[in-house]
Amino acid sequence: MDLLYNLTMESNIKVSLNKEQKEAVEYVSGPVLILAGPGSGKTRVITHRIAHLINQCGVRPYNIAAVTFTNKAASEMRQRLFGSDELGDSLGLLGHVPNQRDFTVSTFHSLCSLILRLDGSLMGLAKDFVIYDRDDQLTLVTKAMEISEIDPKRFSNRAILDIISSSKSKLITSDNYNAQTGNPMDRIIEVVYKSYQNLLEQSKGVDFDDLLLKTNLLFNNNPSILKKYQDRYQYLMIDEFQDTNMAQYNLATKIAGKRENICVVGDPDQSIYSWRNADIRNILSFQEDYPKCKVISLNENYRSTSTILDGAYGVISQNTQRIERKLTTSNPKGDPIFVGEAYNPEEEAQLVMKEINRLRVERGYLYNDFAVMYRVNSQSRALEEGCLRNSIPYKLIGGLRFYQRKEVRDLIAYLRVIVNPHDNVSLLRIINTPPRGIGQKTIDEIAELSDKNKISIYAAMELAANAKFVEDSKRSGRSHRVISKFVDLVTNLIHDSDGLDPTSIINLILEMTGYRVYLEDQGDQGTERMDNIEELKVTANKFQNVDPEDRFIEFLQGIALVSDIDSLDDSQDSIALITLHQAKGLEFPAVFIVGLEEGLLPHIRSFDYADQMEEERRVFYVGMTRAKECLYITRSFRRGYMGNGVSNVASRFLMDIPSALMSHFSSRSIPIGSVVTDVIKQSGASDLSDHATETSPMEVGQKVRHDRFGDGIVVSCTAIGYDYQVTVAFKADGGVRNLLLGYANLQLLD
DNA sequence: GGGCTATTGCTTTTT
DNA sequence: GCAATAGCCC
């Protein structure tokens, strides 16, 4: 009866796939490694493969699992296969398939969360565990350092958390962490790791890495549970395989088990998450662990013009730790890669905005067709202001991350406390927000009480609220009153929220805790914060239809596991401002990559390590290959950094793009605010180095005067783009500054 | 205990 | 340059 699925698309599949793609789709039994370059139709292959499994091979959707990098990718895949859930009328690749909801598409983290909810009790995990994100983790590490009396000035909590996190992703538990090397740092980590894990367990919390680690341990210790999932997920597919870590790899191979129906899809050249413990060697391990695995390379690019592809190849081919591979395309040559220079980030943004407006008019692009990409989030600010100045609608992903905003986190903390009042991290967050007279002194006393009796903060407060207890303590009547009031508040919240849907619970919190009034007293800022909470309610609303028993927990889990990119929404026409990392897996007709400067891209922190430098190059490569038709690359001469402006030189990566593919344009002629129609100078073959040979307008040794810096002497002068960078040593403060000739307004002295 | 000011310390990328 | 904290004063 499983064979009665819709077969109508099958003929289309054969027409629209190339030879390698078709092979990747039809090779369904046994291990497969698909090396898929950018734009090679990877998503199509995965979706067609699933369709093939269901339609041709009679596999039930229930027995298939696809693991993606983000929730967004997961929901897109589901939609491509089955059409939109809400609309019902738009059919996907498969048309109408019974039991399509049984098909699993999710991220590793979501999948593990599900498994642990169902079977985690075998490892003593509460069903309603909370998932702690990086901010919560940092709070806990800081607390653990306090307990272990580690000086936070000497050891950074972030560095320690990074090591704990990387240990967890290598499946090293706090019990197994051995400081055997004799390195004093190791000893500290060992102590903090254990303490951190204790704190987590006390709060019934699980961090991101625990989701993967604990699921692995669950499978190790309970073969019957593992078998249950092996029998369920008989066909396993893993996307973005180059960015999986060891814990994820182990999970995948365990679930695949002896059936070995595991298909991984990845591209070593797009591995950009090593800092999150992703291990590119997983691709090698896969071939070692499955010596009979079928390797299929998808090398034809259907996305980009040949110019963009060749430019990107020029960049990526400079990496030495790389298996040589060159993509081909039959796409037209298209436009050159435009390289632009601006004086400062504001002007750089202006340059981008002007071009966006020009392309809209001349080519009929929509705002949705544009993305502006950058290395670090702080760059988004100038771009955002540029959009506002030019009335260009934009969506900013993760600048100040939504779920990191104070008011959103406060509300989530309340929600978590309702589910689990013994969640210390969340409780301490809201204990005095809005202010209710519980000061640090009172909190310290309660913390002491909780330590002494080995109970949670909330339990300690209940104890302290007990009238009999207060007689034996030196606690003031006032402090006793506020504690009692708070315990009552939490009790009432738990009681009154029972059975309500998530949105109503949020409303309940806003009223009962006085949070709404607290925000209203904050004027404009309060209004903005209230808007963010409304936004949270919109998310909460989506869980209205889920089984009442689970919807609250699912909602909390959902917000813990969302990524920012998940919220990227195409329904309103606006340009996307995103980091290069977030751009992975996306494509746009026109892409702007800004900030191509030494120290930014490549980032300064990669300078001392060859492998990190190569990863920076891959980051740039990923950005370039997002572009279908137009690719713009810009840089700024000056950039504010820690308060003072610094001069940046052009990124080394610019030199790797063959000069014949580039065309320069400059900001020189477009002061901010002016309306300029055409700033593109079609200069044909020229690159940065070409200009260096031109005659310099400034002699070395020339004495000059600057409005602000006073008198100085020219140290060097190099042509860059359509301007010259002059390095001047100034007398007054001895500073050596890089100036742009066209802007510096230097006065010649004799 | 709370609110204000001064100081510090920090900047990569994020499931 | 900004945001988070420490320390001071009410």
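Below, read A as the first sequence line, B as the second, and so on, with proteins coming before strands; counting in each chain starts at 1.
Under 4.0 angstrom from either OP1 or OP2 of B:dG2 there lies at least one side-chain N or O belonging to A:N432. Side-chain nitrogen and oxygen atoms of A:Q582 include none within less than 4.0 Å of the OP1 or OP2 phosphate oxygen of B:dT13. Checking the phosphate oxygens (OP1, OP2) of B:dT11, a side-chain nitrogen or oxygen of A:R158 falls inside 4.0 Å. Residue A:N377 has a polar side-chain atom (N or O) positioned under 4.0 Å from OP1 or OP2 of B:dT13.
For the pair A:L138 CG and B:dT14 P, the computed distance is 16 Å after rounding to whole Å. We find that CZ of A:R381 is positioned 14 Å from C1' of B:dT11, with the value rounded to whole Å. Note: CG (A:D611) to P (B:dT13) measures 19 Å, nearest angstrom. Rounding to whole angstrom units, CG of residue A:N245 and P of B:dT13 are separated by 20 Å. The CG-C1' distance, from A:L212 to B:dT14, rounds to 14 Å in whole Å. Protein atom CD of A:Q379 is 16 Å distant from nucleotide atom C1' of C:dG1, rounded to whole Å. Atom CG in A:N157 sits roughly 9 Å away from atom P in B:dC10 (whole-Å rounding). Distance A:L586 CG to B:dT13 P: 17 Å, rounded to the nearest Å.
Here B:dT13 is the nucleotide among B:dT15, B:dT13, B:dT11 with the atom lying nearest to any side-chain atom of A:W275. Set against C:dC2, B:dG2, B:dT13, the side chain of A:T579 has B:dT13 as its closest nucleotide. Here B:dT14 is the nucleotide among B:dT13, B:dT14, C:dC2 with the atom lying nearest to any side-chain atom of A:R134. Side chain of A:T442, nearest nucleotide from B:dG2, B:dG1, B:dT15: B:dG1.
Between A:S606 and A:P435, the residue anchored closer to the 5' end of DNA chain B is A:P435, taking for each the nucleotide with the nearest heavy atom. For the pair A:S156 and A:I272, nearest-nucleotide mapping onto DNA chain B gives the more 5' position to A:S156.
Residues A:R158 and A:D162 are not paired through a salt bridge, judged by the lack of any N-O separation under 4.0 Å between the basic side chain and the carboxylate. A salt bridge does not link A:D267 to A:K42: none of the charged nitrogens lies less than 4.0 Å from a carboxylate oxygen.
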Solution key, residues 600-608 of chain A side-chain donor-acceptor pairs under 3.5 Å, sequence neighbours excluded:
from	atom 1	to	atom 2	distance (Å)
A:H603	ND1	A:R605	N	3.1
A:S606	OG	A:H603	O	2.7

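Annotation: A:K170, atom NZ; neighbour count of heavy atoms from other residues, nucleotides and ligands within 6.0 Å does not exceed 12.
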**Message:** For a salt bridge (charged side-chain N to carboxylate O under 4.0 Å, His left out) check, start with the C-alpha distance between A:D135 and A:R429, then their side-chain angles and the critical distance, and finish with the verdict.
**Reply:** CA-CA 12 Å; A:D135 287 337; A:R429 184 173 180 100; over 6 Å; no
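Residue-level contact check: A:S378 touches neither bases nor backbone, having no heavy atom under 4.0 Å from any strand. Here A:F69 lies in heavy-atom contact (under 4.0 Å) with sugar-phosphate atoms only.
Aromatic ring centres of A:Y515 and A:Y518: separated by under 6.0 Å.
C:dA4 and B:dT13 have their C1' atoms separated by 22 Å, with the value rounded to a whole Å.
Here A:Y273 does not count as stacked on B:dT14, because the ring centres are not under 5.5 angstrom apart with planes under 30°.
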